[in-house]
Amino acid sequence: MVIGIIGAGASGMAAALAAAEFENVQVILMERQSRVGRKLAATGNGRCNLTNLHASGDCYHGDAPQFAASALTQYDVAHTLAWFEDLGLYTVAEESGRVYPYSDQANSVVDVLRFALEKPNIQLLTGFEVKKVKKVDGGFRVESADEAISCDKLIIACGGLAGTKLGGSMSGYQLLRGFGHKCTKLRPTLVQLKSSWNGCASLKGVRANCHVQILHDGQLHSESWGELQFTEYGLSGPVIFEVSRDACQSSGNWTAKLDFLPDKDADWLTQQMLRRRATHWKAEDLLTGILHNRLGRVLTQSAGISAYVPIAQLEVDEIETVANAVKSFEVLLTETMGMDAAQVTAGGILTAEFAPDTMESRLVPGLYACGEVLDIDGDCGGYNLQWAWSSGRLAGRCAGGNT
Ligand SMILES: Cc1cc2nc3c(=O)[nH]c(=O)nc-3n(C[C@H](O)[C@H](O)[C@H](O)COP(=O)(O)OP(=O)(O)OC[C@H]3O[C@@H](n4cnc5c(N)ncnc54)[C@H](O)[C@@H]3O)c2cc1C
C-alpha cells in the first residue's frame with residue numbers, strides 16, 4: 001500500500017514514521033521546501049519547545065477542542081518523550097513543564113527525525129510543491145507543477161498559515177477544501193499585540209516580569225503572568241503570546257492592563273518610594289532598583305511627575321499615583337501582528353468532518369489530516385508541537401492500517 005503525505009513538517013514527519021512501521025506500507029513524503037522541518041528548526045527561539053509535561057485537553061482551542069483528546073491520549077506526552085528517546089534525542093524539562101532538547105538546539109529535533117526518515121520504505125521528495133490532488137479509482141493522484149504520484153491513501157500535513165516566512169501557507173486549507181471540507185475563520189495566535197501608546201517605542205527591547213490582563217470593553221478577556229517585552233509597535237514576549245488568542249478580533253475597546261510588580265502590593269511600593277524622600281534623588285529615580293530604569297522613568301512620567309523634581313518635594317498622593325501606574329498600567333491595543341509574525345493559526349479545517357480517533361475524513365475515505373491545518377491550536381509552551389506529534393502519529397498509524 002502506498003501512503004502519500006503532503007508536508008514534511010512536524011506532523012508530516014511523525015505521520016511518515018508511524019505509517020512506515022508497517023512492513024507492507026510504502027510512504028511518499030512530499031515537501032515543497034528544499035529541506036524538511038524548516039519551521040520546526042526555528043521553534044522555541046531556535047531551542048524547540050517540543051512538548052510540555054502538563055499537556056492536557058484544557059490547553060487546546062478551536063470550535064470543538066475536545067476533538068484533540070483522542071490523539072493526545074493515544075499519543076500522550078510520555079509516549080512522545082519515549083518516542084524521541086528512541087529516535088536518539090536527549091531532552092530536559094524545565095520547572096514550568098516545557099521540554100527542550102538537551103542540546104538547546106531545535107536542529108537536534110530536526111536531525112533525529114531526518115535520520116529516522118532514512119528507511120527503505122520512505123521516499124522523501126523535497127522541492128515537491130503539491131498543486132493539485134484528486135480522488136481517483138482506489139486512491140489519489142497528487143500533482144506538482146511537473147510530476148505526479150499515485151497513492152492509496154493520502155495524509156494532508158501542510159500546517160497552517162502562521163509563520164509565512166518559514167513556510168506557513170494556505171495550501172493545506174485549499175487542498176482540503178477541494179475535497180469538500182470547510183474551513184473556519186483563520187486568525188493569528190501566539191502573536192504580538194500592537195498598541196497606539198507611543199511609550200512602547202521608547203521602551204523597545206525592555207523586558208519586564210508582568211501580570212497581564214487583556215480587557216475587552218472593560219471585561220476580562222484573558223490573563224497570564226510572565227515575561228513581557230516592549231517592541232516598536234507594542235507588546236511581545238511569552239506572556240503576551242499566552243493572552244493573544246482572539247485579542248483585538250472584534251470591535252470595541254481592547255486594552256492590556258499591566259501589573260509590573262505582581263508579587264508586591266501598591267502599599268508596599270508606596271512605602272519604598274516614600275523612604276526615598278529622605279534622599280537627594282530626583283523623581284526619575286523613584287523606581288530605580290525596583291524596575292528597569294527606562295520603564296521606571298516612563299511610568300513616573302506617565303503619572304504626570306517631572307523627572308527632575310527632587311523626591312523630597314513629592315506629595316504622598318503623587319507617589320501613590322506612581323505606585324498605581326506600576327500596579328495597573330493600561331495600554332490601548334489596536335490589533336495583533338499579522339500571520340507572518342504569529343507562531344500559530346487559530347481556526348482551520350472543521351474537525352467535525354474528521355474522525356478524532358483515526359484522523360480520517362468523514363467525507364472522503366482514505367483521506368487524513370493532522371497538525372495545524374485542522375481547527376485545533378494549543379497554548380504557548382510546547383502544546384502545538386505536541387498536537388503535531390500526536391495527530392501526526394495517529395494519522396500515520398491509522399492510514400497504515402492499524403485503527
Ligand atoms: C517562530 C515559531 C516558533 C514556534 N515555536 C514553537 C514551540 O517552541 N513549541 C511549539 O509547540 N510550537 C511552536 N510553534 C508552532 C509549531 O511550529 C507548529 O504548530 C507546528 O510546526 C505545526 O506542525 P505542522 O506539521 O502542522 O506544520 P509545519 O511544521 O508548518 O509543516 C508543514 C509543512 O508542509 C509543507 N507544505 C505546505 N504546503 C505544501 C504543499 N502544497 N506541498 C508540499 N509541502 C507543503 C510546508 O513547507 C511545511 O514544511 C512555533 C511556530 C513558529 C512560526
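Just so it is clear, the values below take in all heavy atoms, side chains as well, and ignore hydrogens, waters and symmetry mates. Keep in mind that this is a model prediction, so the values were computed, not measured. In what follows, residues are counted from 1 in the order of the sequence shown. Atoms within each ligand, like the ligands themselves, are counted from 1 in listed order.
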Discussion item. Here's a test for you: under side-chain contact (heavy atoms from CB on, under 4.5 Å), which of Asn324, Leu261, Leu286 qualifies with Leu269?
Written reply: Leu261
Please list, one pair per line, the donor and acceptor atoms closer than 3.5 Å that link side chains of residues 197-210 to other protein atoms, with sequence neighbours excluded.
residue, atom, partner, partner atom, Å
Ser202, OG, Gly199, O, 2.9
Arg207, NH1, Glu227, OE2, 2.9

Worksheet item: Leu186 versus Met339: any side-chain heavy-atom pair under 4.5 Å?
Response: yes
Worksheet entry | salt bridge (charged side-chain N to carboxylate O under 4.0 Å, His left out) pairs, two or more places apart, involving residues 242-265 | Arg98-Glu242, Arg187-Asp246, Arg245-Asp377, Asp259-Lys327
Could you go through ligand 1 and note, for every N or O atom, any protein N or O atom closer than 3.5 angstrom, writing the atom names and distance to 0.1 Å, or 'none'?
residue, atom, partner, partner atom, Å
ligand 1, 5 (N), Gly44, N, 3.1
ligand 1, 8 (O), Gly44, N, 2.9
ligand 1, 8 (O), Asn49, N, 3.3
ligand 1, 9 (N), Asn49, O, 3.0
ligand 1, 11 (O), Gly382, O, 3.4
ligand 1, 11 (O), Asn384, N, 3.4
ligand 1, 11 (O), Leu385, N, 2.7
ligand 1, 19 (O), Glu372, OE1, 2.7
ligand 1, 25 (O), Ala10, N, 3.4
ligand 1, 25 (O), Ser11, N, 2.8
ligand 1, 25 (O), Ser11, OG, 2.7
ligand 1, 26 (O), Glu372, N, 2.9
ligand 1, 29 (O), Ala10, N, 3.3
ligand 1, 30 (O), Lys39, NZ, 3.4
ligand 1, 41 (N), Val130, O, 3.1
ligand 1, 41 (N), Ser171, OG, 2.7
ligand 1, 42 (N), Val130, N, 3.0
ligand 1, 44 (N), Arg32, N, 3.1
ligand 1, 47 (O), Glu31, OE2, 2.6
ligand 1, 47 (O), Gln33, NE2, 3.0
ligand 1, 49 (O), Glu31, OE1, 2.7
ligand 1, 49 (O), Glu31, OE2, 3.2

Worksheet item: For the rings on His221 and Trp254, is their centre-to-centre separation under 6.0 Å?
Response: yes
Side chains of residues 152-160: which donor-acceptor partners sit under 3.5 Å, not counting sequence neighbours?
residue, atom, partner, partner atom, Å
Asp152, OD2, Val2, N, 2.6
Lys153, NZ, Ala399, O, 3.4

